[in-house]
**Q** 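Encoded as structure tokens, here's the structure I'll be asking about.
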There are 2 protein chains.
Amino acid sequence: MADKVTIATVAAHANVSRQTVSNVLNTPHLVREETRERVREAIAVLGYRANQAARLMRTGRSHLLAVRIEPTRDGINGSVLDRFLHGLTEAAAPAGYRILLYAAADDQAEIATYDDLLATYELDGFVLTSTHHGDVRTSWLAERGVPFVTFGRPWGRLGADARTEPAALSGAAGSHPWVDVDNAAGTAAATRHLLDAGHRRIGFIGWPEGSGVGDERRAGWAATAGADLPELARATVDGVAEGEAAAHDLLSISDPPTALVCASDSLAAGAYGVAPPGVAVTGFDDTAVARVLGLTSVAQPLAEAAARCVDLLAGVLDGGAAPHPVLLPPSLVIRQSA
Amino acid sequence: MADKVTIATVAAHANVSRQTVSNVLNTPHLVREETRERVREAIAVLGYRANQAARLMRTGRSHLLAVRIEPTRDGINGSVLDRFLHGLTEAAAPAGYRILLYAAADDQAEIATYDDLLATYELDGFVLTSTHHGDVRTSWLAERGVPFVTFGRPWGRLGADARTEPAALSGAAGSHPWVDVDNAAGTAAATRHLLDAGHRRIGFIGWPEGSGVGDERRAGWAATAGADLPELARATVDGVAEGEAAAHDLLSISDPPTALVCASDSLAAGAYGVAPPGVAVTGFDDTAVARVLGLTSVAQPLAEAAARCVDLLAGVLDGGAAPHPVLLPPSLVIRQSA
DNA sequence: CACCTCGCTTTGAACGTTCAAGGTGATAGA
DNA sequence: TCTATCACCTTGAACGTTCAAAGCGAGGTG
């Protein structure tokens with residue numbers, strides 16, 4: 001533990017040159033079997049570990065990935081990010097990467113942070129969350145050829161045909177690697193579950209049009225509930241009180257729905273509070289709130305999503321081939337509420 | 001954006017040597033006013049930013065702090081870590097530090113990770129959470145003279161007299177810098193609030209003895225509730241169902257309590273579910289669950305705590321003086337449940 | 001005048017790694 | 001025998017920064 005163990009220490013111990021040690025680590029096939037073993041043993045004995053800073057200086061690769069940590073919004077859906085971060089960290093380690101956090105108040109501040117992180121720490125890549133329509137961050141990164149993955153598909157263009165675009169690294173406008181959870185499939189599964197339970201008029205409480213994610217969740221319900229009946233859907237800002245109000249409204253129309261599919265656990269929590277017995281309610285994200293209230297909710301495979309983000313980014317960094325986007329299916333967690 | 005801007009670029013542009021540019025950045029008083037300005041201008045014009053990797057190689061300071069991200073346990077109290085992490089990241093940036101995440105299954109794995117992070121990334125320091133009795137992590141770090149702060153006081157020794165110890169950096173066994181929230185004050189405030197509301201028999205639902213935090217929360221209740229009546233306290237593993245059971249038990253004794261102070265929102269959520277109207281319940285941590293259920297809960301000043309952690313660590317790293325520990329008061333968020 | 005001090009600046013080296021190029025000895029082909 | 005090829009290994013240089021030391025005028029002191 002006394003002195004630092006560098007590549008030179010190992011070289012001396014194994015009676016080879018620095019470069020040979022380096023080769024054992026990076027291009028083992030160049031080194032004779034016997035020598036390789038001798039060096040490996042010296043590494044083990046001395047407890048040598050390659051210094052990233054020095055390696056970075058030569059190679060330009062920091063093995064650092066950055067993710068933004070957002071302020072907990074309403075606290076209910078906040079734990080989603082928490083779990084995603086944990087998944088990222090766990091998936092990154094075996095791939096040889098570490099996760100660096102940064103905070104930013106808005107997209108512009110985030111771009112300034114990119115600039116700073118790239119210049120001072122020479123980050124290898126970014127994982128972006130909360131993508132939205134007209135996201136300036138992705139184009140900034142793409143223009144500069146900075147590798148990145150988004151958790152959430154690119155909303156600037158429609159559909160999931162991103163794989164038809166040639167290169168994500170080339171800086172060309174267009175697509176980039178992404179991982180997303182199939183939101184529509186989630187609400188569709190919830191709706192189907194309600195249909196199976198005998199419900200025939202199923203309402204939907206979601207967010208105002210324009211948020212890609214919200215629109216998807218609505219579409220999944222609409223496609224499954226039979227017909228997209230505008231009178232059975234309500235759009236509101238996210239929140240418990242808002243969910244209450246919307247549910248109250250929906251349940252007081254003539255021929256009211258007997259079940260409510262909600263775009264978030266916050267909305268569902270509010271709706272469930274005012275729904276009379278027998279009216280089923282489902283939420284989205286399978287948060288702690290859903291667990292405590294006994295809300296049936298759509299669960300996103302966050303650990304899996306995080307792992308795929310790391311895979312994609314590692315692929316771009318190592319291989320260079322533009323990887324295919326990944327769309328993951330959510331699952332329905334059934335509890336008392338539906 | 002084309003070529004890299006290094007200290008040499010700036011030096012050439014300002015007609016000085018590399019070292020002078022370095023001095024402007026690190027020891028400005030050594031440089032003549034006029035020269036200083038000229039260099040500063042060149043830096044601004046060129047958009048120069050010091051490369052951390054190169055700086056690290058010379059100075060041994062990475063300006064990186066590491067924090068462990070834990071798997072969301074029951075999901076209810078998980079958001080506490082989330083908010084703490086966000087606070088850390090925000091506080092670290094202006095101080096010139098960045099936050100690196102790591103995951104570890106247990107304390108032993110965590111120590112292995114320290115070893116790795118220190119060797120490969122030369123981390124400046126660690127922020128530890130979830131400290132507990134007989135924590136092997138702190139002694140490992142202290143022995144090696146690695147700077148660290150804990151969020152949560154050292155439970156190995158009693159009391160808050162850590163400041164009497166000479167040095168936290170010296171590697172001597174003993175105390176280290178820490179930040180904590182005054183758990184006892186939190187449950188005391190909740191209990192006092194209940195007393196003010198007219199309750200006279202106030203029960204407590206907490207965790208088994210031995211977890212420092214849990215014992216503290218119990219002590220705050222015990223000291224305020226009048227007398228420490230064992231018959232009014234229950235200890236159980238954390239969880240909603242466990243809270244239900246404990247509340248059920250407490251409320252069925254003769255002369256049952258009319259109010260329940262709980263050591264967590266999970267326990268409180270369970271208790272609140274089975275408590276008849278009129279029986280008040282308070283939780284701890286002010287999580288999303290408390291917000292949704294309308295639970296009165298003790299809120300920890302997490303952003304503040306995180307900021308103080310950064311302060312202490314930065315103090316140790318820059319100054320070297322062993323900083324005083326910090327004990328922060330929590331606040332009571334009053335809602336319908338009490 | 002010789003010498004020292006002070007304020008400011010420059011020069012060479014070093015941190016630990018990998019790249020690019022070169023060296024060496026053995027084997028093979030002409 | 002000379003040269004080419006090959007497998008393996010070593011040698012300088014470089015990445016961008018800061019440390020340690022030294023240079024260099026101007027001013028002061030004996």
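A note on names: the letters A, B, ... follow the listed sequences, proteins ahead of strands, and every chain is numbered from 1.
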**Q** Can you tell me whether the side chain of A:Arg49 and the base of C:dG16 have a donor-acceptor pair closer than 3.5 Å?
**A**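 For A:Arg49, whose side chain was compared with the base of C:dG16, there is no donor-acceptor pair (under 3.5 Å).
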**Q** Please report the distance, rounded to the nearest Å, between CZ in A:Arg32 and P in D:dC6.
**A** 19 Å
**Q** Below the 4.0 Å mark, does D:dC9 have OP1 or OP2 next to a side-chain nitrogen or oxygen of A:Ser17?
**A** no
**Q** On DNA chain C, does the nearest nucleotide to B:Arg58 precede the nearest nucleotide to A:Tyr48 from the 5' side, or the other way round? Give the residue.
**A**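 In this pair, the answer is B:Arg58.
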**Q** Would you say C:dC19 has OP1 or OP2 under 4.0 Å from some side-chain N or O of A:Ser22?
**A** no
**Q** Nearest whole Å is fine: how far is D:dG16 P from B:Asn23 CG?
**A** 20 Å
**Q** Taking atom P of D:dT17 as reference, at what distance in whole Å does atom CD of A:Glu122 sit?
**A**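 Going from CD in A:Glu122 over to P in D:dT17 covers 9 Å.
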**Q** Is it the case that B:Asn23 and B:Thr27 place a side-chain donor and acceptor less than 3.5 Å from each other?
**A**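 Checked: B:Asn23/B:Thr27 side chains pair up, N/O donor to acceptor below 3.5 Å.
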**Q** Quick one: on DNA chain D, does A:Arg18 or A:His29 contact a more 5' nucleotide (nearest heavy atom)?
**A**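 Nearest nucleotide further toward 5': that of A:His29.
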**Q** Of the nucleotides C:dT17, D:dT17, C:dT9, which has the atom closest to the B:Arg55 side chain?
**A** D:dT17
**Q** Picking from D:dG16, D:dA14, D:dC19, which would you name as closest to the side chain of B:Met57?
**A** D:dG16
**Q** Using 30° and 60° as the class boundaries, would you call the ring planes of B:Tyr114 and B:Tyr102 parallel, tilted or perpendicular?
**A** perpendicular
**Q** Considering residues, nucleotides and ligands other than A:Arg98, do more than 12 of their heavy atoms fall under 6.0 Å from its CZ?
**A** yes
**Q** Rounded to the nearest angstrom, tell me the gap between atom NE2 in A:His63 and atom P in C:dT18.
**A** 9 Å
**Q** Nearest whole angstrom, please: distance from the C1' of D:dA7 to the CD of A:Glu33.
**A**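 Taking atom C1' of D:dA7 as the reference, CD of A:Glu33 is at 14 Å.
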**Q** Reckon A:Asn26 has a side-chain N or O less than 4.0 Å from the OP1 or OP2 of C:dT18?
**A** yes
**Q** Identify which nucleotide among C:dC8, C:dC15, C:dT18 has an atom closest to any side-chain atom of A:Thr59, counting heavy atoms from C-beta outward.
**A** C:dT18
**Q** Under 4.0 Å between any heavy atoms, over every strand shown, what does B:Ala53 touch: base, sugar-phosphate, or nothing? Just pick one.
**A** nothing
**Q** Nearest to the side chain of B:Thr35, heavy atoms from C-beta on, is which of C:dA20, C:dC8, C:dG16?
**A**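 Among the listed nucleotides, the one closest to the side chain of B:Thr35 is C:dC8.
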**Q** Under 4.0 Å between any heavy atoms, over every strand shown, what does B:Thr6 touch: base, sugar-phosphate, or nothing? Just pick one.
**A**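 If one applies the 4.0 Å heavy-atom cut-off, B:Thr6 turns out to touch the sugar-phosphate alone, with no base involved.
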**Q** Which whole-number value in Å describes the distance from A:Leu56 CG to C:dT18 P?
**A**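 After rounding, the reported distance stands at 11 Å.
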**Q** What are the two closest heavy atoms between B:Ala142 and B:Phe148, and how far apart are they?
**A**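 Nearest pair, atom of B:Ala142 first, then B:Phe148: N-CE2, 3.9 Å.
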**Q** D:dT10, C:dT10, C:dG16: which one has an atom nearest the side-chain heavy atoms of A:Asn51?
**A** C:dG16
**Q** Choosing from C:dG16, D:dG16, D:dT10, which nucleotide comes nearest the side chain of A:Gln19?
**A** D:dT10
**Q** Kindly indicate, with the supporting measurements, whether the criterion salt bridge (Lys or Arg N to Asp or Glu O under 4.0 Å) is fulfilled by B:Arg36 and B:Glu41.
**A** CA-CA 9 Å; B:Arg36 208 187 307 151; B:Glu41 201 187 304; over 6 Å; no
**Q** I need the CG-C1' distance between B:Leu30 and D:dA21, as an integer number of Å.
**A**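 Checked: the CG to C1' distance equals 14 Å.
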**Q** Looking at B:Thr20, does any N or O in its side chain come under 4.0 Å of the phosphate oxygens OP1/OP2 on C:dT10?
**A**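 So the side chain of B:Thr20 is within the cut-off, an N or O lying under 4.0 Å from OP1 or OP2 of C:dT10.
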**Q** Think A:Tyr121 has a side-chain N or O under 4.0 angstrom from the OP1 or OP2 of D:dG16?
**A**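 False: A:Tyr121 side-chain N/O out of range (4.0 Å or more) of D:dG16 OP1/OP2.
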**Q** Begin from the C-alpha positions of B:Arg32 and B:Glu37 and carry the test salt bridge (Lys or Arg N to Asp or Glu O under 4.0 Å) through to its verdict.
**A** CA-CA 9 Å; B:Arg32 183 154 45 107; B:Glu37 278 317 309; over 6 Å; no
